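Beneath this line is the structure, given in structure tokens, with notes to follow.
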Amino acid sequence: MTWNLSADRPIYSQIIERVQMDIVSGVYHPGDKLPSVRELATLASVNPNTMQKAFSELERSGLVHTQRTSGRFITEDTVMISQLKETLAEEQIITFFQTMKKLGFDKKEAAELITKLSAEKGEK
Amino acid sequence: MNPILECRDLHKRYGLKEALCGINLQIEAGHITGLLGPNGSGKTTLIKMANNLLTPSSGEILINGKKPGTESKQIVSYLPERTYLASWMKVHDIIRYFTDFYKDFDPTCAYEMLRNLQIDPDDKLKTMSKGTREKVQLILVMSRHAMLYILDEPIAGVDPAARDYILKTILSNYNENAAILISTHLISDIESILDHVIFLQNGTVKLQATVDEIRENEGRSVDSLFREVFRC
């Protein structure tokens, strides 16, 4: 597993996004125990303090929680996870609209194009 | 708690040339700091003073609250820019040498790293390539359980795959109460493992910030900021 971190954005926010994605896409299941900060830092080749900062942030949002003696776990709140899924999907679509705007499509035209293409691809 | 390394208005003059002019900085335990700057900016001078190889012209440098000396050498693991090991020595010999010298040296740890990097402990330094010799030295330095690791250009001559291994080794080997100071030009390779960076320019601290602060405020990597600040 490699962590493709881009060079121009803060590392901790990229870690947060990565973990959010792993939770939503089912790499981590609700209630799963996470590896230690140190193991994850070594795996991702990042500074342990940066990894810690990312997880403090994830804890604040409620997505992960720490049990004093036994470690760090993914939330079991499936409603929260599906909300996160929706938020991430919205972010993707907003980015998509921005790119389409640069290409000269307004939202309506972009949506039409999506409908058209998804109908074609749908048969595969 | 004392910072592990502290400089107070530190000056170093070589004749008329001022190599360091008034450095103030602190390095705390648990942090990995990058010491970055163009050639001749004073990085090695600073590092040599931390290891008692040079004495300050004025101001002071403190290791764990004390002046560098015999005591500080027991807690500082130093990788110099040039080797000091005799080339006729085998890796085995050097490991024995280090075990004698340093109470905190862990031979098991050294042999494991040698194995992972496929270096034969029966080889003599003389017969090794430049990169392999550098790997051996770094292995020795990282096999000590020190409070402060000072690495002067640790990965310059090493291939990218071994570089990744070495960075992972640095991350997994140092304990949370230790600090690491790395001087390097290969910023993009190491910036993700750094907490702080210090930019040195003509003997002064030009910038001191965390990697994520730089990325957040500048919207780019430390490497690209460096290239702009020190554009020739």
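What you see is a predicted model, and the numbers here were worked out from it, not measured in a lab. Here is how names work: the chains are called A, B, and so on, in the same order as the sequence lines, proteins then strands, and each is numbered from 1.
For a residue to count as touching a neighbouring chain, one of its non-hydrogen atoms must lie under 4.5 Å from one of that chain's; by this rule A/Q14 touches chain B with the side chain only. Contact annotation for A/R9: only backbone heavy atoms (N, CA, C, O) come within less than 4.5 Å of a heavy atom of chain B. Of the atoms belonging to A/S6, it is backbone heavy atoms, and not side-chain ones, that fall under 4.5 Å from chain B. The part of B/L194 that comes within reach of chain A is its backbone (N, CA, C, O), which places non-hydrogen atoms under 4.5 angstrom from that chain.
A cation-pi arrangement is absent between B/K206 and B/F199 under the rule of less than 6.0 angstrom and at most 45 degrees off the ring axis.
The greatest number of non-hydrogen atom pairs below 4.5 Å with chain B, out of A/I11, A/T50, A/L5, is found for A/I11.
Side chains of B/E153 and B/H185: a donor on one and an acceptor on the other come within 3.5 Å.
No more than 12 heavy atoms of other residues, nucleotides or ligands shown are found within 6.0 angstrom of NZ on A/K85. Heavy atoms from other residues, nucleotides or ligands lying under 6.0 Å from CD of B/Q118 number 12 at most.
Checked by atom type and distance alone, the side chain of A/E86 never pairs as donor or acceptor with a backbone atom of A/Q83 at under 3.5 Å.
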